[in-house]
Colleague: 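I have a structure I would like to understand better, so I am pasting it below and will then ask my questions one at a time.
All values below come from the heavy atoms of this structure, side chains included, with hydrogens, waters and symmetry mates left out. Numbering of residues begins at 1 and proceeds along the displayed sequence. The structure displayed is predicted, hence computed values, not measured ones.
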Amino acid sequence: MISNFITHLDLVFNKNLLIDEANKVNFEPFPGFPQLDSWFNNPSTWLMGKVENLTICPEVNTLLLSIKHKLDCSDVRPHYYKQEANSEVPTHKDYNTQCSINIILSEIYTPIVFENYGEIKYTCALLNLQEQHSVSACPDTRLLIKFSIFDKTYHEAQQSFITKT
């Protein structure tokens with residue numbers, strides 16, 4: 001059942017502003033974790049841009065406040081991600097992040113692939129990141145903003161979102 005993996009959302013945001021704000025953050029290879037001896041330790045093709053100063057990213061801040069309210073949660077962290085052209089993100093579960101709201105900012109992109117479901121194309125969605133997932137290679141760079149949620153499971157966040165909208 002698709003609702004165990006992804007919930008498509010109709011959030012209000014300005015895509016062009018989000019793209020402009022992506023240009024204000026510093027992108028670096030995904031930092032990985034000391035216990036991970038894998039592709040995810042500083043890959044040159046999977047870059048993360050931390051949004052540390054919300055005053056220079058007002059559109060991100062507006063979305064962050066809305067998401068926290070709609071999901072009734074407090075530990076939500078925004079990051080931009082770039083998947084370089086012709087690279088893939090291998091199958092994994094996210095570490096510590098229970099779920100996230102992802103917004104695809106690229107015009108051309110490949111779908112997320114859940115191991116126990118298959119490919120799903122989305123532009124704005126709540127994702128269950130405790131399910132094994134990957135992203136296939138795309139001929140263009142894939143840019144997204146991810147609001148990582150640490151204090152609610154996917155199903156709790158899904159229920160909160162349904163209740164508050």
Colleague: Which of these, L105, N14, I145, sits in a side-chain contact (heavy atoms from CB on, under 4.5 Å) with I19?
Modeller: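 Among L105, N14, I145, the one that satisfies the side-chain contact (heavy atoms from CB on, under 4.5 Å) with I19 is L105.
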Colleague: With salt bridge (Lys or Arg N to Asp or Glu O under 4.0 Å) as the test, pick out the partner of K15 among E59, E107, E21.
Modeller: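 The option that passes is E107.
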Colleague: Please examine the side chains of L47 and P29, heavy atoms only from C-beta on, and report whether any two atoms are closer than 4.5 Å.
Modeller: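 With C-beta onward as the side chain, the pair touches.
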Colleague: Start with the C-alpha distance between V76 and F150, add both sets of side-chain angles, then the distance that settles side-chain contact (heavy atoms from CB on, under 4.5 Å), and finish with yes or no.
Modeller: CA-CA 6 Å; V76 181; F150 293 86; over 6 Å; no
Colleague: Calculate, to the nearest 0.5 Å, the distance between atoms SG and CZ belonging to C73 and F147 respectively.
Modeller: 11.5 Å
Colleague: Roughly how far, to the nearest 0.5 Å, is CG of N23 from SG of C57?
Modeller: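 So the gap between those two atoms works out to 10.0 Å.
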Colleague: Within this structure, what is the OG-CG distance for the pair S160 and D72, rounded to the nearest 0.5 Å?
Modeller: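 Answer rounded to 0.5 Å: 6.0 Å.
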Colleague: Going by heavy atoms in the side chains, are I6 and L126 under 4.5 Å from each other?
Modeller: no
Colleague: Identify the heavy atoms of Q83 and V135 that sit nearest to each other, and give their distance.
Modeller: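 In terms of heavy atoms, the two residues are closest at OE1-CG1, 3.2 Å.
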Colleague: Do S74 and D151 have side-chain atoms, one donor and one acceptor, less than 3.5 Å apart?
Modeller: yes
Colleague: State the CD1-CG distance between I101 and L64, to the nearest 0.5 angstrom.
Modeller: 10.0 Å
Colleague: Should L17 and I67 be counted in the same cluster of Ile, Leu, Val, Met, Phe, Trp and Tyr side chains packed under 4.5 Å apart?
Modeller: no
Colleague: Keeping Q130 on the side-chain end and T97 on the backbone end, is there a donor-acceptor pair under 3.5 Å?
Modeller: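 Side chain of Q130 to backbone of T97: a pair is present.
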Colleague: Is the closest basic N to carboxylate O distance between R77 and D75 below 4.0 Å?
Modeller: yes
Colleague: Cationic tip of K121 within the cone over Y109's six-membered ring, i.e. under 6.0 Å and within 45° of the normal?
Modeller: yes
Colleague: Which heavy atom of G49 sits nearest a heavy atom of F27, and at what distance?
Modeller: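 Answer, listing the atom of G49 first, then F27: N-CD2, 3.6 Å.
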Colleague: Measuring from atom CD of E156 to atom CD of Q98, what distance do you get when rounded to the nearest 0.5 angstrom?
Modeller: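 If we round to the nearest 0.5 Å, E156:CD and Q98:CD are 8.0 Å apart.
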Colleague: Taking the side chain as C-beta and beyond, is there a heavy-atom pair between S136 and V113 under 4.5 Å?
Modeller: yes
Colleague: Surrounding NZ of K24 (heavy atoms of other residues, nucleotides or ligands, distance under 6.0 Å), is the total greater than 12?
Modeller: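 Correct, the count exceeds 12.
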Colleague: Taking only residues two or more places apart in sequence, or in another chain, which ones meet Y81 in a ring-ring contact (aromatic ring centres under 6.0 Å, His included)?
Modeller: W46
Colleague: For Y80 versus L18, what's the shortest heavy-atom pair and its separation?
Modeller: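 Y80 and L18 have their closest heavy atoms at OH-O, 2.7 Å.
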Colleague: Count I, L, V, M, F, W, Y as connected when their side-chain heavy atoms are under 4.5 Å apart, and connections chain through other members. Are V51 and F13 then in the same cluster?
Modeller: yes
Colleague: Would you mind telling me which of T45, L144, L143 makes a side-chain contact (heavy atoms from CB on, under 4.5 Å) with K82?
Modeller: L143
Colleague: Going by distance alone, is a donor N or O of one side chain under 3.5 Å from an acceptor N or O of the other, for N26 and E28?
Modeller: yes
Colleague: Membership question, hydrophobic clusters at under 4.5 Å side-chain separation (ILVMFWY): are I149 and L9 in the same one?
Modeller: yes
Colleague: Does the side chain of E119 reach to within under 4.5 Å of the side chain of F114, using non-hydrogen atoms?
Modeller: no
Colleague: Taking the side chain as everything from C-beta on, heavy atoms only, tell me whether H8 gets closer than 4.5 Å to T123.
Modeller: no
Colleague: Can you name the closest pair of heavy atoms from M48 and H79 and give their distance?
Modeller: SD-CD2, 3.7 Å
Colleague: Any donor and acceptor pair, going by atom type alone, linking the side chain of H133 with main-chain N or O of E131 inside 3.5 Å?
Modeller: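 Confirmed, H133 side chain pairs with E131 backbone.
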Colleague: Evaluate whether atom CG of D10 has more than 12 neighbouring non-hydrogen atoms of other residues, nucleotides or ligands under 6.0 angstrom away.
Modeller: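 Not more than 12 within 6.0 Å, no.
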Colleague: Which pair of heavy atoms, one from A85 and one from T141, lies closest together, and at what distance?
Modeller: N-OG1, 3.6 Å
Colleague: Do the charged groups of K146 and D94 touch, with an N to O distance under 4.0 Å?
Modeller: yes
Colleague: Scan T7, N128, T153 and name whichever one has a side chain to side chain donor-acceptor pair (under 3.5 Å) with Q158.
Modeller: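 Answer to the side chain to side chain donor-acceptor pair (under 3.5 Å) test with Q158 among T7, N128, T153: T7.
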Colleague: As an exercise, state the distance from CD1 of I112 to OG of S134, rounded to the nearest 0.5 Å.
Modeller: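 Spacing of CD1 (I112) from OG (S134) equals 7.5 Å.
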Colleague: Within the distance-only criterion (no hydrogens, no angle test), does the side chain of T62 pair as donor or acceptor with the backbone N or O of P58 below 3.5 angstrom?
Modeller: yes
Colleague: Testing the basics here: between N116 and F5, what is the closest heavy-atom pair and its distance to 0.1 Å?
Modeller: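 For N116 versus F5, the nearest heavy atoms are O-CZ, 3.8 Å.
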Colleague: Got I104 and Y122 here, is their nearest side-chain heavy-atom distance under 4.5 Å?
Modeller: yes
